[in-house]
Structure formats: C-alpha cells, structure tokens
Number of protein chains: 2
Amino acid sequence: MTESPNHSVYFVPGLQRGLRVLEILGAAAGPMSLSEIGRAMELSRSSAFRLIYTLRHMDFIKEAEQKNTYTLGARVLNLGFAYLNQQPVTSISRPYLAALRDKIEVSTHLSVLEGEEVLYLGSHQARSGFVSNMATGTRTQAYASAIGWCLLSDLSDEELSLFCEDLDMVAFTDHTPTTFEALKVRVQAVREAGYVFSQGFRDPGGSSVAVPVRDNSGNVVACVNISGPDSGFDFDRVDTFYVPETKAAALKISRELGYAGPA
Amino acid sequence: MTESPNHSVYFVPGLQRGLRVLEILGAAAGPMSLSEIGRAMELSRSSAFRLIYTLRHMDFIKEAEQKNTYTLGARVLNLGFAYLNQQPVTSISRPYLAALRDKIEVSTHLSVLEGEEVLYLGSHQARSGFVSNMATGTRTQAYASAIGWCLLSDLSDEELSLFCEDLDMVAFTDHTPTTFEALKVRVQAVREAGYVFSQGFRDPGGSSVAVPVRDNSGNVVACVNISGPDSGFDFDRVDTFYVPETKAAALKISRELGYAGPA
DNA sequence: CAAAAGCGTTTTACATGCAAAACAAACTTG
DNA sequence: CAAGTTTGTTTTGCATGTAAAACGCTTTTG
C-alpha cells in the first residue's frame with residue numbers, strides 16, 4: 001500500500017507498523033493469522049508476533065473463532081466515531097438532512113473533501129426505493145462525481161490545477177472529466193449555479209443534486225446532496241422542488257456554521 | 001484510563017502509546033497541543049513529539065486550524081468502518097431493520113455485546129417523532145437496559161454470575177437491577193418469553209421491544225430492538241403488532257446467519 | 001522590559017526494542 | 001509414517017528507539 005519514508009530519526013516504527021496491521025486487518029476479507037499478517041507486511045514473524053501481542057492486549061484486535069487468527073476489535077470503532085462526532089458539521093447537519101429526506105423522499109448525504117477524495121460523513125436513506133450504497137465512511141474520487149465538483153468549487157483555478165497534477169483521471173462514464181480543462185468547466189458551472197444536477201454522471205441510472213455548504217469564513221467545507229435511482233426521481237420537479245429544497249437545507253447548515261454571506 | 005501492564009517483554013511501547021494518543025484525542029473536546037497530550041499521558045515532551053510526528057505523517061492525526069494543535073485525522077474512520085463492515089450481522093440485518101422500521105414506523109436498532117457493554121452497530125431512525133440518540137458506535141452498560149438482558153440471555157447462571165462479579169451496578173431508574181439476583185430474574189424472563197418489552201427501564205419516557213438474534217450454533221450474537229418515545233408508541237398493539245413483527249425480523253436475520261433452531 | 005516560564009524541537013548517551021536464529025508443535029505430503 | 005514444511009513462540013546480540021538535557025523561541029508576568 002503506502003510505502004513508508006522510514007528514514008526519519010523521529011519515526012516510531014512500532015507505531016507505524018502496528019497501525020498498518022490494523023489497516024491490513026481492516027482491508028482483509030476475513031480473519032488473518034500471524035504469518036499471513038507478517039507476509040502481507042513483509043515482516044518477520046517475530047516482529048509480527050510482538051505487534052499482534054500488543055494489539056491483542058489492548059483489545060484493538062481480537063482472536064477470531066478459529067484459533068490463532070485475528071480480526072479487528074471493537075475498540076477501533078471508538079476512534080472512528082470519535083472522529084465523526086468531532087466534525088461539527090456532522091452533528092449540526094443531521095436534523096436538516098433528516099428533514100430534507102422526509103420532505104423530498106429521497107436519500108440525503110453529507111460529505112467533505114479529504115485529499116483527493118470525497119468522504120461521506122452521514123446518510124439518511126429514503127424509506128422506499130433501493131438503498132444507495134453510499135454509506136458513512138465511504139470514499140470516492142472527487143474529480144469523478146458531481147459531489148466532488150461541489151467540494152472543489154471553492155478552489156481557484158490555480159489550486160484546481162495543482163489538485164489535478166498528480167491525478168490520473170479515468171473515465172467512469174461518458175460524463176467523467178479526464179483533463180484539467182474538462183474538470184474546470186464542471187467546477188465553474190457549480191460556482192455559477194450554486195448546485196449541480198447530475199444524471200448518471202458517476203453511476204448509470206442514478207441521479208443527484210449536490211449543493212455546497214460554507215462556514216463562517218465563507219469557505220466550502222462540506223456538500224449536501226440528494227440521490228436516488230432515476231426511477232424514483234421526479235425529473236419535472238428538479239428545478240422547482242429538489243434544487244430549492246436542497247439549497248435551503250444547505251443554507252441552513254451553513255448559517256449554523258456561521259456563514260453570513262449571500263444565499 | 002486503562003493502566004498498562006507494561007511488564008511484558010513482548011509489548012511494543014511505541015505502538016501502545018501511539019494508540020493511546022489517538023484515544024486521548026478522540027476523547028478530547030477539541031484540538032490538543034503536543035504538551036497537553038504529553039501531560040495527559042504523563043509522558044516527556046520529546047516522546048510525545050515522536051509519537052505525534054509519526055501519527056501526523058501517517059495522516060492518523062492532523063494539525064488543526066490553530067498551529068501546533070492536533071485532532072484525529074480522517075484515516076481513523078477507515079478502521080472503524082472496516083470493523084463495522086466485517087461484522088456479518090451488520091450488513092445482513094440492514095435491509096430487515098429498514099423494512100421493520102418502515103412497517104412499524106418506529107426506530108430500529110442492532111446491537112451486540114462487547115465485554116460489559118452493549119455496542120450499537122446500526123440504526124434506522126423513524127421518520128417522525130424525536131430522534132433517538134442511540135447512534136451507531138454508542139455503548140451502554142449491558143446490565144442496565146432491556147437490550148442488555150437480551151444479549152445476556154444466552155449466558156448460563158454461572159456465566160452471568162461471573163459477568164456480575166466485578167461490576168458495580170448503579171440504578172439508572174427504578175427498574176435497573178442492582179444485584180446479580182435481580183439481573184438473573186430479568187434475564188430469565190427473556191429466556192422464557194424470547195423478547196423484552198420495556199417502558200422507561202433505561203430512559204424515562206422511552207419504550208422498547210428487544211429480541212435476540214442467533215447464529216448457526218444457536219448462540220445469541222446480537223439483538224434487534226425497536227424504540228421510541230412513549231408518545232409514539234401504540235401500547236395496545238405491543239403484543240399483537242410490535243412484538244411479533246420484531247420477532248419476525250430477528251428470526252429472518254437469524255436464519256440468514258444459519259440459525260436452524262425453533263423460532 | 002527583563003526575568004521567568006512555557007512551548008516545539010534537536011541532540012546524544014544509554015537502555016531496549018528488534019530480527020535472525022533456534023525451538024517445539026502442528027500440519028502436509030510423498 | 002517419516003521426512004519436510006509451516007505454524008506460533010522464545011531466545012539473544014546487535015542495532016536503534018528513547019528520554020533527559022540542552023536549545024532557541026514565544027508568551028507570561030512582576
């Protein structure tokens with residue numbers, strides 16, 4: 001995975017490798033044995049033993065039903081949810097996203113930009129229709145989705161150019177921008193309209209409306225979006241209902257974050 | 001917090017302390033500085049520096065707006081959700097919990113026993129009424145809630161006695177059992193009825209129906225429960241509607257887990 | 001405004017975490 | 001069923017991570 005720049009005197013190798021053990025166990029399909037973990041990390045079994053010993057005694061990993069195999073322990077959950085709950089936008093937006101879901105009867109989501117990726121912080125699933133797989137904690141490439149364009153709409157052209165630099169943009173659908181210029185056009189459209197409506201931009205058969213959320217300094221810090229299968233979308237009411245309602249919810253959240261600028 | 005039995009030759013102190021840094025940052029109200037972290041862990045600043053240096057370069061923590069203060073980084077989310085998604089019962093139960101929520105129009109939850117605690121793995125909120133605060137990842141004391149009694153209903157009296165041993169049971173409400181014998185009565189009731197209906201057992205003004213979920217070996221591995229404010233509960237239909245529907249959902253999940261026993 | 005206290009960082013002698021080798025037990029396998 | 005592999009675990013000498021002390025720097029404070 002990520003190759004480690006070990007060559008710093010300040011690095012704590014034990015910590016680095018222990019966390020990699022957790023990530024490997026997290027990415028694994030099932031329980032792993034000591035040897036498997038050691039092999040996956042190109043580490044001697046004796047070292048793997050010490051890491052596992054430590055993690056096990058701290059309850060960060062636990063032995064699976066099958067002896068001598070390990071899975072992630074429940075203690076890692078605390079870390080993840082601590083992070084979620086520390087993001088102010090998560091808790092602030094929750095009631096608004098739920099209300100929006102109830103009003104327009106389509107799934108609603110909150111996301112932020114994390115590096116090159118869109119990170120989903122929370123979802124409120126529609127009651128009916130098929131359930132979107134955009135669960136909390138999921139990540140997608142920012143350049144490839146309408147939500148990503150929303151979150152990037154705050155960047156200047158220079159920053160956007162920088163963002164694209166070490167990015168190999170592959171086309172998921174015909175709508176995916178694969179060059180900086182193409183992406184710039186999408187982002188510019190968001191800047192002007194204040195929202196994106198997309199139909200099949202990322203997933204064929206799925207439609208979405210995305211609106212940026214701003215904080216007290218006016219920066220885009222998150223994105224509210226609604227999404228559902230084309231079958232559940234009333235396309236005649238996009239402009240008159242979905243967009244204004246989503247914009248209104250995003251603005252309410254922005255206001256709670258201290259945003260004082262224009263709607 | 002948890003005092004560490006350092007005195008093992010196999011312990012990797014760097015890993016242990018690095019994880020404690022993450023937990024301390026997770027429990028903290030806001031960003032912390034290097035010195036604050038060092039003080040919280042009774043660690044020299046130089047050691048704290050090395051841990052923070054490592055965690056920062058791995059994106060497990062990140063610098064906050066204020067210079068030289070740190071918060072949890074988004075990378076910890078991966079660990080938490082990897083754990084959630086690895087629990088088979090989480091994904092299996094999701095559609096059933098959603099369907100149950102839609103049918104009975106009350107919030108539904110899934111939980112498991114983790115040590116002494118009930119750990120909530122997933123929730124599906126009711127559309128109307130007040131939103132329960134039982135968010136995913138939350139923990140509560142098992143002895144003190146109807147859900148806990150459900151999850152404990154698989155334990156023999158001896159195991160239950162062991163469970164109570166180093167547990168100081170304090171009364172949250174008049175219904176909270178504060179002795180082993182009192183708890184045994186509650187658990188026995190679940191064993192016989194196969195469900196618990198509770199009204200104000202843990203939270204005054206809140207009602208709940210909880211039903212155990214079993215796996216292929218017949219063991220209780222999780223608990224399905226519905227809950228809502230008394231105002232949203234139709235008490236006349238508890239026996240004729242809520243209980244049978246919740247039991248049916250729990251049984252469907254149990255069947256998917258390979259449970260072959262009687263309903 | 002100077003002294004003092006606090007901060008993040010760097011250095012360095014020393015203690016100690018680490019990986020290779022050795023070990024015993026549990027599997028394969030010809 | 002015995003030779004050979006692979007497993008989890010223990011040992012041990014050497015390399016290396018570590019904490020105290022030292023270092024600038026900023027922020028209090030009298």
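Protein chains get the first letters and strands the later ones, always in sequence-line order, with residue 1 at the start of each.
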Separation of dC27(C) P from Lys67(A) NZ (nearest whole Å): 12 Å

Are Ser44(A) and dC18(C) close enough that a side-chain N or O sits under 4.0 Å from OP1 or OP2? no

Rounded to whole Å, please give me the gap between CG in Asn68(B) and P in dT26(D). 12 Å

Closest to the 5' end of DNA chain D, once Arg45(A) and Gly14(A) are matched to their nearest nucleotides, is Arg45(A)

Do the side-chain N or O atoms of Tyr10(B) get closer than 4.0 angstrom to the phosphate oxygens (OP1, OP2) of dT10(D)? yes

Arg39(A) has an atom CZ; how far is it from atom C1' of dG8(D), in whole Å? 13 Å

For Gln188(B), run the side chain to side chain donor-acceptor pair (under 3.5 Å) check against Lys184(B), Arg186(B), Arg191(B) and tell me which one passes. Arg191(B)

Ignoring hydrogens and geometry beyond distance, is a side-chain donor-acceptor pair present between Ser33(A) and Ser35(A) at under 3.5 Å? no

Whole-Å distance between dG17(C) P and Leu51(A) CG? 13 Å

Parallel, tilted or perpendicular, as decided by the 30° and 60° cut-offs, for the rings of Phe11(B) and His57(A): perpendicular

For the pair made of CZ in Arg50(A) and P in dT11(D), what is the distance, rounded to whole Å? 13 Å

Among dT9(C), dT9(D), dC18(C), find the nucleotide with the atom closest to the side chain of Phe49(B). dT9(C)

dG8(D) OP1/OP2 closer than 4.0 Å to side-chain N/O of Ser35(A): yes

Between C1' on dT9(C) and OH on Tyr70(B), what's the gap in Å once rounded to a whole number? 11 Å

Give the ring-plane orientation class for Tyr53(A) versus Tyr10(B), where under 30° counts as parallel, over 60° as perpendicular and anything between as tilted. perpendicular

Could you tell me the separation between the CZ atom of Arg56(A) and the P atom of dT9(D), rounded to a whole number of Å? 7 Å

Rounding to an integer number of Å, can you tell me how far Tyr53(A) OH sits from dT11(D) C1'? 16 Å

Aromatic rings Phe81(A) and Phe81(B): how do their planes relate, parallel, tilted or perpendicular, breaks at 30° and 60°? tilted

Ser46(A) side chain: which of dT9(D), dG8(C), dA20(C) is closest? dA20(C)

